[in-house]
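Worksheet for the structure shown next.
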Number of protein chains: 2
Amino acid sequence: MARWQEGAAGRLQGAALRLYAERGYEQTTVAEIASEVGLTARTFFRYFADKREVLFAGSAQLRDGMAAAVAGAPATAGPMAAVSAGLEASLAFLGGDHAHSSARHSVITANAELRERELIKMASLAEAMAEALCRRGVPAADASLAAEAGTVVFRVAFEQWVTGPPDASLPDLMHATLARLTEVTAPR
Amino acid sequence: MARWQEGAAGRLQGAALRLYAERGYEQTTVAEIASEVGLTARTFFRYFADKREVLFAGSAQLRDGMAAAVAGAPATAGPMAAVSAGLEASLAFLGGDHAHSSARHSVITANAELRERELIKMASLAEAMAEALCRRGVPAADASLAAEAGTVVFRVAFEQWVTGPPDASLPDLMHATLARLTEVTAPR
DNA sequence: TCCGTGATGTCACTTAATGACATCACTGAC
DNA sequence: GTCAGTGATGTCATTAAGTGACATCACGGA
């Protein structure tokens, strides 16, 4: 028997998502989340930088995984093809638990502060991929554009997935959305 | 002589930008900003919803102007052409005061909270343009993609402008960036 | 003259967030 | 076996954001 229950971070994440969903983000205090799992607010802030961050653990791994995939794409691949490899890599991190992703998405879209945090996480994905593209020799401006375009595809496809039927294929949505982007931005 | 000095909101904006630039955003309290112009913190919060918002007044007009331009584009224009009209409209709101835009940009990029707020304003631009596109009969997914792609161009071009020489042309940068996007996303 | 209006101030309060210090079960060295 | 060290947690105090309730007070009109 351990001195403390194990997995404090995970328990805090679970309690936070549940309470945010039940009462709303603003109506939930950090003290409530913590006491829900037998901890104090002070401990919450040792695991998560702020009240929002508890919903975004693991986003650094997602970012690093996507950046690595961009870096590891075949040398012959153009910027968008490399970004596409990054999107492919994201599927391993998400796409697993539709119910959880969907609940989390509902909570986040219901609150402006949480949407802000999600947007900056997306921006950090774009930044990491852009940097990986630069290392591949892509000019900075093109790298930013390609990486940002990639996150647009990511966002649109992911949103369709979480708001759609649980048995839809995230990979298929991602591919289709990427195809639509090239169609829409095509010069005429 | 008026009972109060006029233009409280504008004075608060000026003091906030100056203090954020001088000491940093986190090292500046709302009480300091307010007392700087002879007001109290309570009054600050009557003009601005929170400490960040003081740097983003006028973004609603920008959004509405861009959405109106998208809506008013020629009926023959495709989604990206309509979005391009929206970008064109943004030039009237910005591009005027390079020094001010540059200072504001420095303050915002130096702080994560402010970047978050800027990102959600960008997202609201995209949402408004996407809705205008939907009204033009563009399918929802295509509308989101085109509008988001437009804000990517906007962001990249604007960032180049504020970080570049004061006499550079924002319209030229915007056009060139849009051209690069179509190039980068072109299928091969 | 008096009343309503509107911008501001004052006060009290909640909560997020952080630093300093205490606690206390476990671990390993002696 | 004892004892010092470690690490996760708790306690306490404090700053500052943000909000509601109510007071103030010059101005403009009836």
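Letters go in sequence order (proteins before strands), and every chain restarts at 1.
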Which whole-number value in Å describes the distance from [X] [atom1] to [N] [atom2]?
| X | N | atom1 | atom2 | answer |
| --- | --- | --- | --- | --- |
| A/Glu53 | C/dA16 | CD | C1' | 15 Å |
| B/Glu6 | C/dA7 | CD | C1' | 11 Å |
| B/Glu26 | C/dA16 | CD | P | 18 Å |
| A/Ile33 | C/dA17 | CD1 | P | 10 Å |
| B/Phe44 | D/dA16 | CZ | P | 15 Å |
| A/Asp50 | D/dT15 | CG | C1' | 17 Å |
| B/Phe48 | D/dA17 | CZ | P | 15 Å |
| A/Glu32 | C/dT15 | CD | P | 8 Å |

Charged N to carboxylate O under 4.0 angstrom, [X] versus [Y]?
| X | Y | value |
| --- | --- | --- |
| B/Arg18 | B/Glu22 | yes |
| B/Glu131 | B/Arg135 | yes |
| B/Glu32 | B/Arg23 | yes |

query = What is the nucleic acid contact for A/Tyr47, judged by heavy atoms within less than 4.0 Å: base, sugar-phosphate only, or nothing?
reply =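 The residue A/Tyr47 makes sugar-phosphate contact but no base contact.
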If you check the [X] side chain, which of [options] turns out closest?
| X | options | answer |
| --- | --- | --- |
| B/Leu39 | D/dG7, D/dT11, C/dT8 | C/dT8 |
| A/Arg42 | C/dT15, D/dC12, C/dA7 | D/dC12 |
| B/Val30 | D/dG20, D/dT11, D/dA17 | D/dA17 |
| A/Phe45 | D/dG10, C/dA16, C/dT10 | C/dA16 |
| A/Thr43 | D/dA21, D/dA17, D/dT9 | D/dT9 |
| B/Arg52 | C/dA17, D/dT11, D/dG18 | D/dG18 |

inquiry  = If you take any heavy atom closer than 4.0 Å to DNA chain C, which residues from residues 107-120 of chain B end up in contact?
reply    =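 When residues 107-120 of chain B is checked for heavy atoms under 4.0 Å from DNA chain C, there are no hits whatsoever.
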inquiry  = Just by distance, no angles: are the side chains of A/His175 and A/Glu88 close enough, under 3.5 Å, to form a donor-acceptor pair?
reply    =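 Note: A/His175 and A/Glu88 side chains meet the donor-acceptor criterion.
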key: No-hydrogen, no-angle side-chain donor-acceptor test under 3.5 Å, A/Thr185 and B/Thr185   =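 Present: a donor and an acceptor within the cut-off.
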Trace of the salt bridge (Lys or Arg N to Asp or Glu O under 4.0 Å) decision for B/Lys121 with B/Glu53 = CA-CA 10 Å; B/Lys121 296 298 183 185; B/Glu53 198 64 17; 2.8 Å; yes
message = As an exercise, state the distance from CZ of B/Arg155 to CE of B/Met122, rounded to the nearest 0.5 Å.
response =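 Answer rounded to 0.5 Å: 6.0 Å.
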task = Look at the side chain of B/Arg46 against the base of C/dG6 and say whether a donor-acceptor pair falls under 3.5 Å; ignore hydrogens and angles.
result =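 Under the 3.5 Å cut-off, the side chain and the base do not form any donor-acceptor pair.
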Which atom pairs, one a donor and one an acceptor, fall under 3.5 Å between side chains of residues 62-85 of chain B and the rest of the protein, sequence neighbours left out?
none

ask   = Starting at the 5' end of DNA chain D, which residue's closest nucleotide do you reach first, B/Ala41 or A/Ala8?
value =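 Looking at the nearest nucleotide for each, A/Ala8 comes out on the 5' side.
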message = Counting only side-chain nitrogens and oxygens, does B/Thr40 get under 4.0 Å of the OP1 or OP2 atom of C/dG9?
response =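 Yes, such a contact exists.
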